[in-house]
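Below is one structure, written out as structure tokens; comments come after it.
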Amino acid sequence: MKRKNSLLRSILLTLASLTIGFIAIAFPFNLFKTLNGDAIHLVFIFEIILYFIISMIFLAVSDKRKQEKIKNERRHEERKLKIERVQREWIDIAV
């Protein structure tokens, strides 16, 4: 079941990325037929800004996930050390 979900997710992600990539590349080329030079420059600048914003969002989410992973690893290590300390203290009390 997990493998099916992973395969389905991979297929959907691939199709979505291909579709968005095609649209992102085909859109400016189709505008060359309908817009004048100044309008094309504005669309190109807008597109670059949009790509920059999307990449910054992606990097922010990626960095946040990385920081959460480091935080969880640190918390687990502290918890492990605390459990070892408590077990050692209980052994010292029992002896």
Side-chain angles (χ1 to χ4, degrees):
M1 186 68 170
K2 186 175 181 181
R3 187 175 172 128
K4 280 185 179 181
N5 288 341
S6 176
L7 182 63
L8 182 62
R9 185 180 304 148
S10 297
I11 290 171
L12 289 176
L13 184 61
T14 301
L15 290 175
S17 63
L18 287 173
T19 304
I20 291 171
F22 176 77
I23 290 170
I25 291 175
F27 180 69
F29 287 111
N30 287 331
L31 288 178
F32 283 121
K33 299 175 189 173
T34 58
L35 299 177
N36 61 11
D38 291 334
I40 290 174
H41 285 111
L42 288 175
V43 169
F44 179 71
I45 291 170
F46 174 74
E47 190 175 5
I48 295 297
I49 291 171
L50 183 66
Y51 291 153
F52 179 75
I53 290 170
I54 290 171
S55 64
M56 288 298 112
I57 290 171
F58 174 77
L59 290 174
V61 169
S62 176
D63 187 48
K64 184 177 180 182
R65 286 183 180 172
K66 191 182 297 183
Q67 293 298 326
E68 286 177 2
K69 184 178 178 182
I70 292 170
K71 182 180 175 183
N72 283 338
E73 288 174 359
R74 186 179 307 131
R75 186 177 60 84
H76 286 296
E77 186 64 30
E78 289 173 359
R79 181 72 177 155
K80 181 181 172 183
L81 292 173
K82 183 179 178 182
I83 290 172
E84 289 174 359
R85 183 180 52 85
V86 168
Q87 286 177 345
R88 193 176 9 167
E89 288 176 1
W90 275 101
I91 291 173
D92 290 344
I93 292 172
V95 175

Practice problem: Please test Glu73 against Lys69 for side chain to side chain contact (heavy atoms under 4.5 Å, CB included), starting from the C-alpha separation and ending with a verdict. | Solution: CA-CA 6 Å; Glu73 288 174 359; Lys69 184 178 178 182; 3.4 Å; yes
Sequence neighbours excluded and cut-off under 3.5 Å, please list the side-chain donor-acceptor pairs for residues 8-24, or say none.
unit_1 : atom_1 : unit_2 : atom_2 : d
Ser10  : OG     : Ser6   : O      : 2.9
Thr14  : OG1    : Ser10  : O      : 2.8
Ser17  : OG     : Leu13  : O      : 3.1
Ser17  : OG     : Thr14  : O      : 2.9
Thr19  : OG1    : Leu15  : O      : 2.8

Quiz item: Just how far is it from atom CG of Leu42 to atom CD of Glu47, taken to the nearest 0.5 Å?
Solution: 12.5 Å
Quiz item: Measuring from Lys66:NZ to Leu59:CG, what's the distance to the nearest 0.5 Å?
Solution: 9.5 Å
Quiz item: What is the distance from atom NZ of Lys71 to atom NZ of Lys64, rounded to the nearest 0.5 Å?
Solution: 10.0 Å
Quiz prompt | Gap separating the CZ atom of Arg75 from the CD1 atom of Ile70, nearest 0.5 angstrom | solution = 14.5 Å
Practice problem: Give, for atom CZ of Phe46 and atom CD1 of Ile49, the distance between the pair rounded to the nearest 0.5 Å. | Solution: 8.0 Å
Self-check item: salt bridge (charged side-chain N to carboxylate O under 4.0 Å, His left out) between Arg85 and Glu89, intermediate numbers included
Solution: CA-CA 6 Å; Arg85 183 180 52 85; Glu89 288 176 1; 3.3 Å; yes
Quiz prompt | Inter-residue atom distance Phe58.CZ - Asp63.CG, 0.5 Å rounding | solution = 11.5 Å
Quiz item: Heavy atoms, side chains only, cut-off 4.5 Å: are Glu84 and Lys80 in contact?
Solution: yes
Quiz item: Take atom CZ in Phe44; do more than 12 heavy atoms of anything else shown fall under 6.0 Å from it?
Solution: no
